[in-house]
Number of protein chains: 2
Amino acid sequence: MIEPASITNVMRALADPTRRAVYERIVSSDEITVVELTRGSGVTQGAISQHLKSLKQAGLVAERPEGRNVYYRAEPEGLTPLVDWMSHYGVFWRERFTNLRTLLKEIDP
Amino acid sequence: MIEPASITNVMRALADPTRRAVYERIVSSDEITVVELTRGSGVTQGAISQHLKSLKQAGLVAERPEGRNVYYRAEPEGLTPLVDWMSHYGVFWRERFTNLRTLLKEIDP
DNA sequence: AAAATACGATAGTTGAGACTAATTGATTAG
DNA sequence: CTAATCAATTAGTCTCAACTATCGTATTTT
């Protein structure tokens with residue numbers, strides 16, 4: 001059972017552009033190492049490690065050590081607090097349900 | 001035409017608990033003044049004004065001056081960057097489409 | 001065994017932002 | 001007119017976070 005991170009943790013984790021870019025790369029790839037994440041990030045490996053720590057604490061990513069590599073992947077339940085929050089306070093969000101409806105059909109025609 | 005705020009602006013604006021609480025109160029109420037927002041916020045009026053400035057720059061709220069009062073309301077398009085971002089990177093979010101489907105039926109049975 | 005690689009952890013620096021207190025400008029009340 | 005109220009703004013303080021640089025550890029390679 002995964003400890004549900006607070007909405008503040010998730011929001012804060014994704015607020016930083018660098019850290020959000022790291023998360024986006026993790027989501028886009030199935031699994032990815034720290035070295036690959038560091039490459040082309042513009043910051044040092046230590047910075048990436050710290051960002052990964054934040055993302056992990058926010059419940060957004062999970063790690064899988066293998067030998068001297070550590071593979072990171074996105075945690076499926078990670079964005080749940082964000083979705084829940086928007087379901088509650090994003091009232092006007094319903095204006096955009098047309099798009100969601102399209103997306104739904106795409107998944108479940 | 002409303003200037004679309006960046007995802008970073010929106011995320012950063014909502015990341016702070018105090019500022020997010022202000023936004024939530026604005027969403028919950030139709031219109032609300034600075035005095036009312038200050039009451040029970042735990043911070044000074046100046047702090048509230050600064051938070052409102054951030055929320056306004058993020059495109060999340062709008063103001064309507066009337067006499068010596070300024071009424072704030074939520075901006076409908078404000079959360080659009082957040083929805084767009086989640087549509088793109090929140091792949092696993094689709095796990096929760098069951099709930100969204102329920103919500104859809106509630107709106108458009 | 002020695003060297004190289006991949007990560008993690010920590011100390012220290014810097015800059016940003018959240019806040020208070022105080023001032024100012026504008027509007028309303030007495 | 002004068003006093004009071006509402007909101008924005010500024011200056012100044014303080015905390016926190018993002019980052020670099022560095023060291024330490026485990027694993028792999030030669």
Side-chain angles (χ1 to χ4, degrees), chain A residues 5-26 29-75 78 81, chain B residues 5-26 29-75:
Chain A
S6 72
I7 178 66
T8 299
N9 283 340
V10 176
M11 288 271 197
R12 288 187 58 79
L14 294 175
D16 181 71
T18 305
R19 187 163 47 234
R20 190 172 60 253
V22 169
Y23 176 72
E24 290 173 357
R25 285 190 65 184
I26 295 177
S29 56
D30 206 42
E31 274 191 339
I32 187 169
T33 66
V34 179
V35 185
E36 292 181 77
L37 285 172
T38 302
R39 229 189 334 258
S41 69
V43 295
T44 63
Q45 176 268 322
I48 295 294
S49 260
Q50 290 173 357
H51 284 310
L52 289 171
K53 188 177 180 181
S54 297
L55 290 172
K56 193 171 65 176
Q57 286 177 346
L60 289 169
V61 302
E63 59 184 57
R64 181 179 65 83
E66 183 180 308
R68 61 180 168 181
N69 292 323
V70 177
Y71 290 87
Y72 280 87
R73 63 179 183 277
E75 186 68 50
Chain B
S6 70
I7 178 65
T8 299
N9 282 340
V10 176
M11 289 269 197
R12 287 189 61 79
L14 295 174
D16 182 72
T18 304
R19 188 164 45 235
R20 190 172 60 253
V22 169
Y23 175 73
E24 291 172 357
R25 284 190 66 185
I26 295 178
S29 57
D30 206 45
E31 274 191 338
I32 187 170
T33 65
V34 179
V35 184
E36 292 180 78
L37 285 172
T38 302
R39 231 192 329 263
S41 69
V43 295
T44 63
Q45 176 265 322
I48 296 293
S49 262
Q50 290 171 1
H51 285 309
L52 289 172
K53 188 177 180 181
S54 297
L55 290 172
K56 192 171 66 177
Q57 285 176 345
L60 289 169
V61 303
E63 60 185 55
R64 181 179 65 85
E66 184 180 308
R68 61 181 169 184
N69 293 323
V70 177
Y71 290 88
Y72 280 87
R73 63 177 184 280
E75 186 68 48

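Only heavy atoms go into these numbers, but all of them, side chains included; no hydrogens, no water, no symmetry mates. Labels below follow one simple rule: chain letters A, B, ... track the order of the sequence lines, proteins then strands, and each chain is numbered from 1.
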(request) Mind calculating the distance between NZ (A:Lys56) and P (C:dA9) to the nearest angstrom? (result) 7 Å
(message) Whole angstroms only, please: what is the CD-P distance between A:Gln50 and C:dG12?
(response)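 A:Gln50 atom CD is separated from C:dG12 atom P by 15 Å.
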(request) Assign B:Gly46 to base, sugar-phosphate, or nothing according to its heavy-atom contacts below 4.0 angstrom with the strands shown. (result) base
(message) What contact category does B:Tyr72 fall into here, base, sugar-phosphate, or nothing, at under 4.0 angstrom with non-hydrogen atoms?
(response)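 Sugar-phosphate, backbone atoms only, no base.
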(request) Mark yes or no for whether A:Ser49, through its side chain, and A:Gly46, through its backbone, hold a donor-acceptor pair below 3.5 Å. (result)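 Not a single qualifying donor-acceptor pair exists.
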Could you please name the option among [options] that lies closest to any side-chain atom of [X]?
X       : options               : value
B:Arg12 : D:dA17, C:dA16, D:dC6 : C:dA16
B:His51 : C:dA4, C:dC19, D:dA17 : C:dC19
A:Asp16 : D:dA18, C:dG8, D:dT9  : D:dA18
B:Thr18 : D:dA7, C:dC19, D:dC16 : C:dC19
B:Gln45 : C:dA6, D:dA8, D:dC16  : D:dA8
B:Val43 : D:dC19, C:dT20, D:dT9 : C:dT20

Does a nitrogen or oxygen in the side chain of [X] sit under 4.0 Å from OP1 or OP2 of [N]?
X       : N      : result
A:Arg68 : C:dG8  : no
A:Thr33 : C:dA6  : no
A:Asn69 : C:dC7  : yes
A:Thr44 : D:dT20 : yes

(request) Determine whether the side chains of B:Ser54 and B:Arg12 contain a donor N or O and an acceptor N or O closer than 3.5 Å. (result) no
(request) Using heavy atoms to find the nearest nucleotide of DNA chain D for A:Ala47 and A:Glu66 separately, return the residue whose nucleotide is more 5′. (result) A:Ala47
